[in-house]
Participant: 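I am attaching a structure below and will ask some questions about it afterwards.
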Amino acid sequence: MYSKVRILILKISRMKKYTNWISLWIIFLIFLLPGQLVTAQPLQVGVAGLNHDHVRGLFSQWKRGEVIILGIAEADQQLIAKYKASENLPDSIFYPTVEAMLKRIRPDAVLAYNATIDHLQVVEAAAPMGIPVMVEKPLATTTKAALRMQSLANQYHIQVLTNYETTWYPTTQKVFSLIRHDHAIGEIRRMVVHDGHQGPKEIGCSQDFLSWLTDPVKNGGGAIMDFGCYGANLMVWLMDGISPTAVTAYTRQIKPALYPKVDDDATIILEFPGALGVVEASWNWPYGIKDLEVFGQTSYLHALNGKDLRRRDTTDYYVVAVDAPYYKNNLSYLSDVIKGRIQPGKDLSSLDNNLIVVRILEAARQSAKEGKRIAL
């Protein structure tokens with residue numbers, strides 16, 4: 001494509017009538033277009049697992065040409081047959097394990113779409129080969145597993161990142177900018193997050209997904225893990241990466257006939273220096289919800305969803321204009337991390353943030369079980 005552009009430029013430049021104005025376009029195309037072409041090169045990834053329904057989003061990105069799938073590691077033949085049929089995938093890209101896949105391909109990164117408990121195995125396979133990993137939220141079921149991932153990441157100098165839907169919400173980024181860059185609401189005093197939906201069975205999650213999502217070992221819990229992680233992730237980020245000093249949690253089984261092994265409703269209270277966070281995670285909302293409320297000294301922000309943001313000062317509510325986010329999804333962000341254009345630091349996808357999130361979730365489960373406040 002690039003050589004054709006140069007030939008076209010040469011032909012046009014010979015047309016003296018247009019020489020003056022076309023010279024500017026020549027400069028633009030020669031010096032700026034190559035960078036754009038490089039930027040547009042999609043990531044080449046290996047996929048670990050197919051039993052997380054979020055993998056459907058990856059296949060949508062693949063169909064739009066936003067990512068190249070070099071290989072898929074999956075042992076379940078039923079799952080393989082399902083996605084081969086629905087996505088028209090060739091036999092040649094399937095491997096029984098992550099280790100077998102990485103012996104044959106060299107992806108830019110491995111994306112994990114498997115049970116949370118299996119995230120560690122993916123990092124153990126990819127890290128020694130220097131390959132970054134991005135998992136679906138949450139990072140791990142236990143602090144022990146998360147610390148092992150951190151150790152591997154440090155030893156082999158790779159990134160281990162966690163993907164949340166809410167990270168790419170324009171409202172999420174705007175709230176952070178208003179609080180941390182513009183100091184628009186003063187010091188944070190209270191944060192409230194509502195996350196969840198009617199229930200994974202009720203909204204039609206696949207049986208392959210449900211088999212581990214509702215398992216107390218493979219997922220670490222029910223709604224407390226599935227949706228409690230969102231609020232913890234956001235609050236740690238808004239508090240500039242610090243850990244809460246204590247966690248108190250309450251869980252309930254409102255629908256034990258549907259979810260006999262795990263909680264389906266959880267409230268988690270996070271104590272930060274000078275601020276309090278309340279995470280309300282449930283499989284019992286009358287509708288799907290992912291919102292964020294932040295009360296400051298002088299003002300209040302409410303991100304109702306990914307698009308709508310409201311603010312209230314003393315009396316009146318008003319709509320806040322939301323900018324288009326710099327990163328619209330996990331792939332564009334991951335690409336820039338891999339290329340060294342940005343460092344995760346303490347951001348929403350970072351290992352630092354998500355290690356704290358796992359500690360919070362572990363403490364929350366302990367608090368709910370023992371009926372007491374857990375100091376961190």
Side-chain angles (χ1 to χ4, degrees), residues 41-62 64 66-74 98-99 101-102 105-141 145-146 148-154 156-169 172 225-226 229-230 232-234 236-237 325-358:
Q41 178 66 32
L43 281 176
Q44 301 184 78
V45 303
V47 179
L50 292 172
N51 62 357
H52 195 312
D53 283 357
H54 287 186
V55 77
R56 296 170 183 169
L58 176 68
F59 285 126
S60 294
Q61 292 170 316
W62 173 64
R64 294 193 298 267
E66 297 172 9
V67 65
I68 297 170
I69 298 176
L70 296 181
I72 299 173
E74 177 56 65
V98 176
E99 291 85 354
M101 177 177 70
L102 296 181
I105 65 170
R106 182 71 182 190
D108 297 319
V110 173
L111 305 182
Y113 291 94
N114 53 2
T116 307
I117 197 171
D118 295 327
H119 289 172
L120 175 57
Q121 295 177 10
V122 178
V123 177
E124 287 177 331
M129 301 187 71
I131 300 173
V133 176
M134 177 173 268
V135 304
E136 290 298 290
K137 60 77 190 170
L139 173 67
T141 58
R148 173 63 177 155
M149 291 185 206
Q150 182 188 51
S151 175
L152 289 165
N154 291 338
Y156 294 104
H157 309 289
I158 67 162
Q159 297 288 348
V160 176
L161 304 167
T162 306
N163 183 38
Y164 294 78
E165 176 188 339
T166 46
T167 298
W168 322 114
Y169 281 7
T172 298
M225 294 292 288
D226 188 23
C229 61
Y230 283 99
N233 175 242
L234 289 166
V236 169
W237 182 55
Y326 189 80
Y327 295 110
K328 294 182 179 180
N329 58 49
N330 63 317
L331 294 178
S332 55
Y333 166 85
L334 178 59
S335 178
D336 273 4
V337 171
I338 291 171
K339 293 171 183 174
R341 293 172 180 165
I342 59 168
Q343 291 295 321
K346 300 176 183 178
D347 74 17
L348 289 164
S349 302
S350 70
L351 189 55
D352 285 354
N353 177 295
N354 285 283
L355 181 56
I356 297 173
V357 170
V358 174

Participant: With a 3.5 Å distance limit and no angle check, can you tell me whether N330 reaches the backbone of N163 through a side-chain donor-acceptor pair?
Facilitator: no

Participant: Closest heavy-atom contact between V135 and A112?
Facilitator: CG1-CB, 3.8 Å

Participant: Distance only, no hydrogens: is a donor on one side chain within 3.5 Å (strictly under) of an acceptor on the other, for K328 and S332?
Facilitator: no

Participant: Are any of the side-chain heavy atoms of V67 and F59 separated by less than 4.5 Å?
Facilitator: no

Participant: When rounded to the nearest 0.5 angstrom, what distance separates CE in M134 from CG in L334?
Facilitator: 5.0 Å

Participant: Distance from R341 atom CZ to S335 atom OG, nearest 0.5 Å?
Facilitator: 6.0 Å

Participant: Let's go through I338 and Q159 carefully: what are the C-alpha distance in whole Å and the side-chain angles of both, what is the deciding distance for side-chain contact (heavy atoms from CB on, under 4.5 Å) to 0.1 Å, and is it a yes or a no?
Facilitator: CA-CA 8 Å; I338 291 171; Q159 297 288 348; over 6 Å; no

Participant: Excluding sequence neighbours, so at least two apart, what forms ring-ring contact (aromatic ring centres under 6.0 Å, His included) with Y156?
Facilitator: none

Participant: Quick one, L331 and L111 - any side-chain contact, counting heavy atoms below 4.5 Å?
Facilitator: yes

Participant: Sort and list the pairs that fulfil ring-ring contact (aromatic ring centres under 6.0 Å, His included) and have at least one residue in residues 116-136, not counting sequence neighbours.
Facilitator: none

Participant: Mind listing the closest non-hydrogen atom pair of L355 and A146 along with its distance?
Facilitator: CD1-CB, 3.4 Å

Participant: Counting only pairs under 3.5 Å, give me each side-chain donor-acceptor contact of residues 48-56, with atom names and distances, residues two or more places apart or in other chains.
Facilitator:
residue, atom, partner, partner atom, Å
H52, ND1, H54, N, 3.1
D53, OD1, S206, OG, 2.7
D53, OD2, S206, N, 2.9
D53, OD2, S206, OG, 3.4
H54, ND1, E136, OE1, 2.8

Participant: Would you name the heavy atoms of A125 and V98 that are closest together and state the gap between them?
Facilitator: CB-CG1, 3.7 Å

Participant: In the structure I gave you, are the side-chain heavy atoms of V337 and P344 within less than 4.5 Å of one another anywhere?
Facilitator: yes

Participant: For Q150, what residues pass the side-chain hydrogen bond (donor to acceptor under 3.5 Å, both in side chains) criterion, not counting sequence neighbours?
Facilitator: none

Participant: Indicate the ring-plane relationship of Y327 and Y333, choosing parallel, tilted or perpendicular according to the 30° and 60° boundaries.
Facilitator: perpendicular

Participant: Any chance you could measure K137, atom NZ, to N233, atom CG, to the nearest 0.5 Å?
Facilitator: 11.0 Å

Participant: Could you pull out the closest heavy-atom pair between G345 and S350, with the gap in Å?
Facilitator: O-CB, 3.2 Å

Participant: Does the pair L70 and Q44 meet the rule for a side-chain contact (heavy atoms from CB on, under 4.5 Å), with working shown?
Facilitator: CA-CA 6 Å; L70 296 181; Q44 301 184 78; 3.5 Å; yes

Participant: Using side-chain heavy atoms (C-beta onward) and a distance below 4.5 Å, is V236 in contact with L348?
Facilitator: no

Participant: How far does CG of N354 sit from SG of C229, to the nearest 0.5 angstrom?
Facilitator: 8.5 Å

Participant: Checking side-chain contact (heavy atoms from CB on, under 4.5 Å) for the pair I68/V45: CA distance, chi angles, key distance, verdict?
Facilitator: CA-CA 6 Å; I68 297 170; V45 303; over 6 Å; no

Participant: Heavy-atom distance under 4.5 Å between the side chains of N329 and Q61, does that happen here?
Facilitator: yes

Participant: Quick check for you: to the nearest 0.5 Å, what is the distance between I158 atom CD1 and L152 atom CG?
Facilitator: 7.0 Å

Participant: Grab the two heavy atoms, one from T116 and one from A140, that are nearest each other, plus how far apart they are.
Facilitator: CG2-C, 3.6 Å

Participant: Restricting to salt bridge (charged side-chain N to carboxylate O under 4.0 Å, His left out), what partner residues turn up for E124, sequence neighbours left out?
Facilitator: R148

Participant: Find out whether S349 and T167 are in side-chain contact, i.e. whether some heavy atom of one side chain is under 4.5 Å from a heavy atom of the other.
Facilitator: yes

Participant: How long is the straight-line distance from OH of Y230 back to OG1 of T172, given to the nearest 0.5 Å?
Facilitator: 11.0 Å

Participant: Begin with the C-alpha distance, continue with both residues' side-chain angles, and end with the deciding distance and a verdict on side-chain contact (heavy atoms from CB on, under 4.5 Å) for Y326 and D336.
Facilitator: CA-CA 11 Å; Y326 189 80; D336 273 4; 4.2 Å; yes

Participant: Partners of W237 by side-chain hydrogen bond (donor to acceptor under 3.5 Å, both in side chains), sequence neighbours excluded?
Facilitator: none

Participant: When you compare the side chain of L102 with that of I131, does any pair of heavy atoms fall below 4.5 Å?
Facilitator: yes

Participant: Quick check: closest heavy atoms across I117 and T141, and the distance to 0.1 Å?
Facilitator: N-CG2, 3.8 Å

